[in-house]
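See structure below.
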Amino acid sequence: MQDKYNHQEIEIKWQKKWQEQNLYKTVDEVKGKKNFYALMEFPYPSGNLHIGHWYAFAVPDIFVRMKRMQNYNVMFPIGFDSFGLPAENAAIKHGVDPRKWTYENITYMEKQLQSMGNSFDWSRKIITSDPEYYKWTQWLFLKLYEKGLAYKKKASVNWCPSCQTVLANEQVIAGKCERCETEVSQKDLEQWFFKTTAYAEKLLNGLKDLKWPNSIKESQKNWIGKSEGTEISFKLKRNNAPQPPLNLRGGERSEGELSIKVFTTRVDTLFGVTYLVLAPEHPLISKLTNQIKNLKEIEKYIKETKQKTEIERTDVKKEKTGVKLNGINAINPANGEEVPVFVADYVLGNYGTGAVMAVPAHDDRDFEFAKKYKLAIREVITGGDISTEAYTGEGVLMNSEDFNGTKSEEAREKITKKFGKKIIKYRLRDWLISRQRYWGCPIPVVYDPEGKSHSIPEKNLPWLLPEDVDLTSKNQSPLATSKELKERVEKIFGKDWTPEVDTMDTFVDSSWYFLRYTDPKNEKEFADKEKMKEWIPVNRYSGGAEHTNMHLLYSRFFHKALFDLGLVNEDEPFTERINRGLILGPDGQKMSKSKGNVIDPDKQVKSVGADTVRMYLAFIGPFNEEGQYPWDLGGIVGIRRFLEKVWKIAQKIQNKPTKKQKEESYPATQNLELENLLHKTIKKVSEDIENYKFNTAISAMMIFINELEKKLEHTPEVSKGAFDTFLKLLAPFAPHITEQIWSQLHLQSESTTKSIHLEKWPEYDELKIKEKNIVIAVQINGKIRAQFETNIDIKENQAKEKALSLIKIQKWLTGKKIKKIIFVPNKIINFVV
RNA sequence: GCCGGAGUGGCGGAAUGGUAGACGCGCACGACUCAAAAUCGUGUCUCGCAAGGGGUGUGGGUUCAAGUCCCACCUCCGGCACCA
């Protein structure tokens with residue numbers, strides 16, 4: 001046996017062996033085993049594995065390995081989310097082919113991933129930029145297209161001037177591009193959308209039964225933004241100007257008159273309306289041009305609004321502005337009162353009806369606006385003071401004719417019934433999936449000479465990404481520069497037919513990748529339905545918190561849509577979700593090259609070993625609490641010391657003379673104590689891994705090893721058995737060193753030893769966990785005064801006597817009367833005086 | 001402003017309402033060594049020689065007993081934000 005723990009030699013050796021033996025290859029069914037699908041978000045092939053990848057993959061591998069030892073048939077796949085902007089940007093900057101850049105990165109990162117010692121099933125590897133994969137992304141797109149769930153429309157969309165492409169709503173964070181943090185602007189473009197709004201209610205309802213962190217559920221709930229309210233129609237007052245044409249959009253004719261529809265959640269304040277506000281985008285404005293007396297002023301205001309960025313426009317702190325539509329008045333259906341109409345950019349064009357009824361007495365925004373433009377403020381809800389600010393709470397109605405004295409909630413129902421209709425609105429928008437970029441999945445659509453869109457037939461899939469493109473061309477999608485693509489379309493479809501030149505958002509690729517893992521090589525279907533039945537829904541999915549309202553919402557939408565199309569068996573894709581935390585630099589800051597605080601995992605692995613790095617990451621804090629943990633260069637030595645200790649004990653055990661030592665010559669209690677601790681450790685480690693509390697599992701193992709080290713001399717036989725069991729507990733954390741020790745201790749040639757990772761997970765014995773002796777704390781009024789050791793399950797009376805005799809010596813109770821005695825079995829006895 | 005989460009040693013962090021600070025780092029002292037490193041041992045919330053007192057963001061409360069439950073507040077992190 002080697003006497004030095006040489007991590008490099010051991011790790012390379014076993015990684016090679018596991019690969020040769022196909023140790024982690026998963027088949028779809030194993031008799032007598034339950035399937036378990038453990039999924040981690042697959043990486044983008046950026047070119048280098050960082051410590052965050054290690055955290056994301058190596059730590060959950062501990063759980064995966066335990067599950068496998070617990071007789072589950074575990075699938076733990078890996079792949080690459082390989083379409084995306086960085087490849088294209090690298091291509092533009094360095095003149096390399098994005099394809100080459102991506103695939104070279106994948107090759108390199110695969111090697112890095114191997115060094116983790118993870119139990120990935122590489123045979124199921126998928127790469128989203130492979131035509132074999134994106135063929136099915138396109139096929140699924142067409143299924144949605146056929147059902148009307150993918151559609152094209154002209155809309156004002158978010159445009160990132162730096163990335164030169166549009167962005168989905170979810171990819172705009174506080175008015176800035178999620179990727180490059182450039183301020184986004186608005187552009188009117190014809191774009192492809194997925195109809196996520198059709199699933200708003202289902203996405204909301206589905207959250208209830210998911211075993212997901214509360215934070216994600218709440219965040220998605222907010223993002224979907226359901227609000228129930230009332231739609232009210234305000235007729236416009238007829239005036240002497242000529243009537244507009246009949247076939248209008250935006251405004252609606254009722255009894256020959258135009259009206260403005262507003263959406264409100266506080267219809268109980270209807271009698272307090274003193275004006276209406278239209279969003280600058282409201283279509284009615286352009287239909288009223290011959291009635292608006294100050295048209296020039298209005299047009300100027302609208303133009304100014306358009307020039308503002310999204311950030312400027314939606315800045316809550318900004319002073320509200322607006323212009324009155326002279327000559328236009330609306331009639332409050334509740335009391336017949338005429339109210340003025342304003343256009344103001346604090347009302348959003350793309351939410352609700354794009355128009356609101358303003359109740360300055362009971363809405364902060366309306367209050368501010370009314371004060372500025374000296375508009376009437378009428379109190380209709382009692383319970384507040386509206387002299388300096390709006391009262392937005394509930395109350396009892398006043399100044400509301402028949403409804404005076406009614407409570408807000410009741411009034412909402414009654415007023416809705418009489419003057420409006422109940423309506424539900426969602427904040428969620430449709431998912432914009434077009435991207436004006438090259439390195440993505442081509443949208444499988446062509447246009448006929450009239451410009452009408454048509455599906456590309458299945459036999460022409462995969463619809464290949466062309467290669468003869470100019471990546472630097474401005475103001476058009478790179479695909480538009482491909483001669484080959486143009487010719488391909490004309491050859492297949494006819495003259496003057498043209499290709500769609502946008503590619504899909506990469507989030508489309510990742511919305512179904514976990515389905516492909518179940519059947520990665522299938523050439524006839526995106527995945528076999530029977531195979532999906534074995535694995536879907538995913539049992540446990542772990543990843544980063546940044547995907548809450550993007551990937552996780554998109555996947556849920558996609559899956560629900562596929563379910564309704566009969567293509568998958570379940571309507572939710574992921575049963576349990578775990579959000580991991582974040583590893584910070586040693587300075588407690590986010591790692592970044594510019595700060596120079598980046599930890600290179602390769603260097604760490606070289607110096608202390610993969611087992612140590614894995615375990616240190618698991619030890620740094622609870623994995624599932626989204627915490628932020630600084631990488632402590634000092635702290636990692638604690639784990640290394642622990643593994644060195646394990647190594648040393650293994651040596652001692654192996655080098656012991658083989659002749660049996662007489663156990664009787666040692667105190668029997670030592671053996672019992674060790675067994676007791678071992679079984680407690682099995683329980684603790686098993687439960688903690690199950691709950692992703694790897695940090696406390698490691699701490700329990702450290703306690704065990706420290707005890708074992710002390711007892712080794714006195715209990716050689718029991719220690720050996722206990723150590724053997726302990727190794728299995730440690731195996732998921734430190735797969736290499738345990739495999740090495742295991743193979744040596746079992747004195748077989750290394751080639752024939754059964755891997756420790758194929759061993760059965762230890763089970764604890766409830767009887768052995770039970771303590772023989774315990775310490776009972778004696779309290780007076782809840783304060784600890786003394787403690788005594790006694791046998792377990794001591795009766796209350798005995799405990800009381802013992803405690804009292806202890807207390808008597810100390811005179812704590814002299815002259816005091818005992819009012820009450822609280823006895824907590826095996827823990828505490830408390831005297832209340 | 002709204003929604004979620006968190007505040008515990010010098011640091012990362014432990015604690016089914018039942019002995020706060022497990023485990024690890026760091027630090028101090030000791031052993032080994034010519035010496036250092038490594039390793040091992042002891043100690044390490046705080047005031048106090050001790051007995052004892054105080055202590056989990058702040059202030060209240062419930063309870064025999066509160067880091068844990070309730071109320072109010074403060075701070076920090078994440079998300080949403082003129083959504084009517």
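Chain naming here is simple, since letters A, B, ... match the order of the sequence lines and numbering starts at 1 in each. Not measured: the values here are computed from a predicted model.
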Check your understanding: Under 4.0 angstrom, heavy atoms only, what part of the nucleic acid is A:L348 near: base, sugar-phosphate, or nothing?
Key -> base
Study note, to complete from the structure: By the Watson-Crick or G-U definition, both distances under 3.5 Å, B:C34 is matched with none
Practice item. Send over the distance from A:D632 CG to B:G10 C1', rounded to a whole Å. Key: 12 Å
Practice item. Give a yes/no verdict on a cation-pi contact between A:R427 and A:W223, requiring under 6.0 Å between NZ or CZ and the six-membered ring centre and an angle within 45° of the axis. Key: yes
Exercise for review: Taking the six-membered ring for Trp and the full ring for Phe, Tyr or His, determine whether the centres of A:F367 and A:F369 are under 6.0 Å apart.
Suggested key: no
Exercise for review: Find which nucleotide of RNA chain B each of A:R266 and A:K684 is nearest to by heavy atoms, and output the residue with the more 5' nucleotide.
Suggested key: A:K684
Review point. Would you say the side-chain atoms of A:N549 and A:E170 include a donor-acceptor pair closer than 3.5 Å?
Key: no
Practice item. Cation-pi check, A:K425 to A:F263: give yes when NZ or CZ is under 6.0 Å from the six-membered ring centre and within 45° of the ring axis, no otherwise. Key: yes
Check your understanding: If pairing requires Watson-Crick or G-U wobble contacts with both distances under 3.5 Å, which nucleotide is the partner of B:C27?
Key -> B:G43
Review point. Hey, does A:V359 reach any base, or is it just sugar-phosphate, or nothing, if we go heavy atoms under 4.0 Å?
Key: nothing
**Study point:** Watson-Crick/G-U partner (both atom distances under 3.5 Å) of B:G78
**Key:** B:C3
Practice item. Apply ring pair (Phe, Tyr, Trp, His ring centres under 6.0 Å) to the pair A:Y616 and A:W631, showing each step before the final yes or no. Key: CA-CA 9 Å; A:Y616 175 63; A:W631 180 273; 4.9 Å; yes
Practice item. Determine the Euclidean distance between corresponding C1' atoms of B:C2 and B:C45; express it in Å to zero decimal places. Key: 39 Å
Review point. Which is true for A:S227 with a 4.0 Å heavy-atom rule: it touches a base, it touches only sugar-phosphate, or it touches nothing?
Key: sugar-phosphate
Review point. Would A:K226 count as a cation-pi partner of A:Y426, with NZ or CZ less than 6.0 Å from the six-membered ring centre and within 45° of the ring normal?
Key: no
**Study point:** Integer-rounded Å distance: B:G79 P and A:Q171 CD
**Key:** 15 Å
Review point. Between atom NZ in A:K693 and atom C1' in B:G24, what is the gap in whole Å?
Key: 17 Å
Review point. At under 4.0 Å between heavy atoms, what does A:V356 touch on the DNA or RNA strands: base, sugar-phosphate, or nothing?
Key: base
Study note, to complete from the structure: Of A:G349 and A:N549, the one whose nearest nucleotide on RNA chain B sits closer to the 5' end is A:N549
Review point. What distance, rounded to whole Å, do you find between the two C1' atoms, one in B:G5 and one in B:G54?
Key: 31 Å
Practice item. Take atom CG of A:N624 and atom P of B:G4, then tell me their distance rounded to the nearest Å. Key: 20 Å
Point to revise | Heavy-atom pair with the smallest gap, counting every atom of A:L203 and A:F557 | key: CD2-N, 3.7 Å
Review point. Does the side chain of A:N214 get closer than 4.0 angstrom to OP1 or OP2 of B:G5 through an N or O atom?
Key: yes
Practice item. Report which part of the nucleic acid A:G225 touches: base, sugar-phosphate, or nothing (heavy-atom distance under 4.0 Å, all strands). Key: nothing
Study note, to complete from the structure: Between CG of A:D363 and P of B:G1 the distance, given in whole Å, is 16 Å
Check your understanding: Of the nucleotides B:G12, B:C64, B:C82, which has the atom closest to the A:Y629 side chain?
Key -> B:G12
Check your understanding: Would you say the ring centroid of A:F619 lies under 6.0 angstrom from that of A:F694?
Key -> no
Revision key, fill the gap. In whole angstroms, the gap separating P of B:A81 from CG of A:N169 amounts to 8 Å
Review point. Distance between the C1' atoms of B:G79 and B:A65, in whole angstroms?
Key: 38 Å
Exercise for review: Indicate, with a heavy-atom threshold strictly under 4.0 Å, whether A:G352 touches base, sugar-phosphate, or nothing.
Suggested key: nothing
Please list, pair by pair, any protein nitrogen or oxygen found under 3.5 Å from a nitrogen or oxygen in nucleotides 39-47 of chain B.
unit_1	atom_1	unit_2	atom_2	d
B:U39	OP1	A:R641	NE	3.4

Review point. Does the ring center of A:Y55 lie less than 6.0 Å from the ring center of A:F623?
Key: yes
Practice item. Answer with base, sugar-phosphate or nothing: what part of the nucleic acid does A:R429 contact at a heavy-atom distance below 4.0 Å? Key: base
Practice item. Could you tell me the separation between the CG atom of A:L584 and the P atom of B:C77, rounded to a whole number of Å? Key: 13 Å
Study note, to complete from the structure: Between A:A358 and A:V277 the two heavy atoms that sit nearest each other are CB-CG2, 4.3 Å
Exercise for review: Check the surroundings of atom CD in A:E409: do more than 12 heavy atoms from other residues, nucleotides or ligands lie under 6.0 Å from it?
Suggested key: no
Check your understanding: Roughly how far apart, to the nearest Å, are B:G17 and B:G12 at atom C1'?
Key -> 27 Å
Only pairs under 3.5 Å count here: list side-chain donor-acceptor contacts from residues 172-179 of chain A, not counting sequence neighbours, and write none if there are none.
none

Check your understanding: Checking all strands, does A:K783 fall into the base, sugar-phosphate, or nothing category for heavy-atom contacts under 4.0 angstrom?
Key -> sugar-phosphate
Check your understanding: B:A84 phosphate, OP1 or OP2: any side-chain N/O from A:Y346 under 4.0 angstrom?
Key -> no
Practice item. Please name all residues satisfying side chain to side chain contact (heavy atoms under 4.5 Å, CB included) with A:V637, sequence neighbours left out, ordered by chain then number. Key: A:R641
Review point. What about A:K819, does its side chain sit under 3.5 Å from the base of B:C64 through a donor-acceptor pair?
Key: no
Point to revise | Watson-Crick or G-U counterpart of B:C64, or none if no pair lies under 3.5 Å | key: B:G18
Practice item. List in chain and number order the residues that pass side chain to side chain contact (heavy atoms under 4.5 Å, CB included) with A:K422, two or more places apart in sequence or in another chain; answer none if no residue qualifies. Key: A:E228, A:T416
Check your understanding: Considering Watson-Crick and G-U wobble pairs with both distances under 3.5 Å, what does B:G55 pair with?
Key -> none
**Study point:** Neighbours of RNA chain B within residues 215-222 of chain A, by heavy-atom distance under 4.0 Å
**Key:** A:S215, A:E218, A:S219, A:N222
Practice item. Considering only atom C1', compute the distance from B:G41 to B:U46 and round it to an integer number of Å. Key: 26 Å
Practice item. For B:G79, measure the glycosidic angle (O4'-C1'-N9-C4 for a purine, O4'-C1'-N1-C2 for a pyrimidine) and name it syn if it falls within 90° of 0, otherwise anti. Key: anti
Exercise for review: Specify the separation, in whole Å, of atom CD of A:E625 and atom C1' of B:G7.
Suggested key: 13 Å
**Study point:** Summary of protein contacts for nucleotides 16-23 of chain B, nucleotide by nucleotide, where a base hit scores B, a sugar-phosphate-only hit scores S (4.0 Å, heavy atoms)
**Key:** B-BB--BB
Practice item. Look at all strands and tell whether A:P622 reaches a base, only sugar-phosphate, or nothing, counting heavy atoms closer than 4.0 Å. Key: sugar-phosphate
Practice item. Would you please confirm or rule out a distance under 4.0 Å between OP1 or OP2 of B:A81 and any side-chain N or O of A:R427? Key: yes
Check your understanding: How about A:N773 and A:T790: does a side-chain donor come under 3.5 Å of a side-chain acceptor?
Key -> no
